[in-house]
Amino acid sequence: MEGKEKIILKPHKDCVCSKSYNLLNMKLLNGCNGKCEFCIAAGTPAMKSADYQKFIDTANSMTEFSKVDVLGGEPTLYPNLVEVLKGIRPHKKEIGIISNGSNLSVLKECIPYLDTITLSIHSFDYDKNSTGIHINEKELKDLNKNKGNVETIAAVVMSKDTVSNLKQIKDYARKAKKLGFSAIKLMELVTSNEEIDFVDLQDLLIDFGIHQKNATLRGCFFELPKLSKYLGIKTYVKLCCPYNNIFKAKSFGIPEIEYQQDYMNVIQPDCTVTDSWVYDSFDNKILNGGELHVNYIKK
């Protein structure tokens, strides 16, 4: 990054991703048995996890947040996961968990305390799944069969190597339905690397009524009803915006991306609370510190 101009961008106070964002991320641990380098938690500082009661007390004290996402690392590796969920359930409106699907028996124990389970399955051809996890599909069908009112979501980061066109989306949706999922989630890659083959969902899905390029104006996460009907399964879309994607930024005349918004409130593994994700150095990320915040970049 030496010699390159650095531009700091902040979302307008009235945009959808500003201070009204009501999501608390509870990061239980750093450890993970997966290997997704684009994971939001990859490269975060190593910390010893706090006692489960401290997680409960910290989350419940943050009464301004009614929605909680529990994650890691891989949250099912935290030994007292069920106790944490049970402790925060009476105090939170929505609780979700994000997992790579490696410990489905643990997730099944969590069902009574959850509203959503999101499994990162970037390809159902598990040799191409960037998590590195080969999911037991028999156990997965059983989890979905016994999910009750919990919404189970298969999430894929769009990639030329896995899912990148409408036919592949249809194949992914068909498999997700067969396994019993409630929904799928299609996600654009957060990136400042201009050398990758970026899959632009707003171009790919334009015929399904997707909105304009600037996702800050109408939201970056939503269901696309026309696409849901077409695929026969509820379909969520997670877009990137000009604040964290070089391809989208350039369409607005922004030459460099260095800033990611401070709305991601996080309970860290040691139960300190930060208003953004905190990173050590990592191969494809810049250092988080001072006024600049982490984003993906090719060194």
Does a donor on one side chain and an acceptor on the other come within less than 3.5 Å for Glu109 and Ser105? no
Enter the distance from [X]:[atom1] to [Y]:[atom2] here, rounded to the nearest 0.5 Å.
| X | Y | atom1 | atom2 | value |
| --- | --- | --- | --- | --- |
| Ile206 | Asp200 | CD1 | CG | 9.5 Å |
| Leu29 | Gln268 | CG | CD | 12.0 Å |
| Ser159 | Gln168 | OG | CD | 9.0 Å |
| Phe247 | Asp203 | CZ | CG | 12.0 Å |
| Leu143 | Asn136 | CG | CG | 11.0 Å |
| Leu114 | Thr118 | CG | OG1 | 10.0 Å |

Tell me if the NZ atom of Lys170 is crowded by more than 12 foreign heavy atoms within 6.0 Å. no
In terms of heavy-atom contacts, does CG of Asn149 have more than 12 from other residues, nucleotides or ligands at under 6.0 Å? no
Indicate yes or no for a side-chain donor-acceptor contact from [X] to the backbone of [Y] under 3.5 Å, with no hydrogens or angles considered.
| X | Y | result |
| --- | --- | --- |
| Gln202 | His211 | yes |
| Lys185 | Leu119 | no |
| Thr131 | Cys36 | no |
| Asn103 | Val106 | no |
| Asn144 | Leu179 | yes |
| Ser182 | Thr152 | yes |
| Ser228 | Thr235 | yes |
| Asn80 | Glu83 | no |

Shortest non-hydrogen contact between [X] and [Y], atoms and distance:
| X | Y | answer |
| --- | --- | --- |
| Cys271 | Ala50 | SG-CB, 3.6 Å |
| Ser164 | Lys160 | CB-CA, 3.8 Å |
| Gly31 | Leu77 | O-CD1, 3.9 Å |
| Gly87 | Asn60 | O-ND2, 3.2 Å |
| Pro269 | Met47 | CD-SD, 3.7 Å |
| Ala173 | Ile233 | CB-CG2, 3.9 Å |

Quick one: does [X]'s side chain get under 4.5 Å of [Y]'s, heavy atoms only?
| X | Y | value |
| --- | --- | --- |
| Ile95 | Tyr113 | no |
| Val237 | Leu239 | yes |
| Phe55 | Leu28 | yes |
| Ile267 | Asn25 | no |
| Leu23 | Asn265 | no |
| Asn146 | Asp142 | yes |
| Leu231 | Ile184 | yes |
| Ile153 | Glu151 | yes |

How would you list, by chain and number, every residue that makes a side chain to side chain donor-acceptor pair (under 3.5 Å) with [X], sequence neighbours excluded?
| X | value |
| --- | --- |
| Glu74 | Thr76, Ser99, Asn100 |
| Asp127 | His134 |
| Lys167 | Asp171 |

I would like to know whether His122 and Lys128 meet side-chain contact (heavy atoms from CB on, under 4.5 Å); could you show each step before the answer? CA-CA 8 Å; His122 305 298; Lys128 295 181 179 180; over 6 Å; no
Going by an N to O cut-off under 4.0 Å, is there a salt bridge joining Lys248 and Glu188? yes
Check for me whether the distance between the ring centres of Phe221 and Tyr236 falls short of 6.0 Å. yes
Would you say the ring centroid of Tyr52 lies under 6.0 angstrom from that of Tyr78? no
Can Glu139 and Lys108 be said to form a salt bridge (Lys or Arg N to Asp or Glu O under 4.0 Å), step by step? CA-CA 10 Å; Glu139 287 187 30; Lys108 195 171 179 181; over 6 Å; no
Anything under 3.5 Å between a donor and an acceptor, one on a side chain of residues 62-71, the other on a protein residue two or more places apart or in another chain? List them.
residue, atom, partner, partner atom, Å
Ser66, OG, Asn22, OD1, 2.6

Evaluate the ring planes of Phe124 and Phe181, with Trp represented by its six-membered ring, and classify them as parallel (under 30°), tilted (30 to 60°) or perpendicular (over 60°). tilted
Let me see the working for Asn33 and Ser102 under side chain to side chain donor-acceptor pair (under 3.5 Å), right down to the final yes or no. CA-CA 8 Å; Asn33 50 358; Ser102 58; 3.0 Å; yes
Evaluate Leu186 against Met158 for side-chain contact (heavy atoms from CB on, under 4.5 Å), listing each step before the verdict. CA-CA 7 Å; Leu186 310 175; Met158 303 295 289; 4.2 Å; yes
Got a sec, which pairs hit side-chain hydrogen bond (donor to acceptor under 3.5 Å, both in side chains) with one end in residues 86-98, sequence neighbours left out? Arg89-Asp115
Checking Lys178 now: which residues fulfil side chain to side chain contact (heavy atoms under 4.5 Å, CB included) with it, not counting sequence neighbours? none
Among Leu85, Thr58, Ile88, whose side chain to side chain contact (heavy atoms under 4.5 Å, CB included) with Met26 holds? Ile88
Please lay out, stage by stage, how Cys110 and Leu81 fare under the test side-chain contact (heavy atoms from CB on, under 4.5 Å). CA-CA 8 Å; Cys110 298; Leu81 172 60; 3.6 Å; yes
Could you give me the CA-CA distance, side-chain angles and deciding distance for Ile169 and Leu204, then say whether side-chain contact (heavy atoms from CB on, under 4.5 Å) is met? CA-CA 11 Å; Ile169 291 174; Leu204 181 62; 3.8 Å; yes
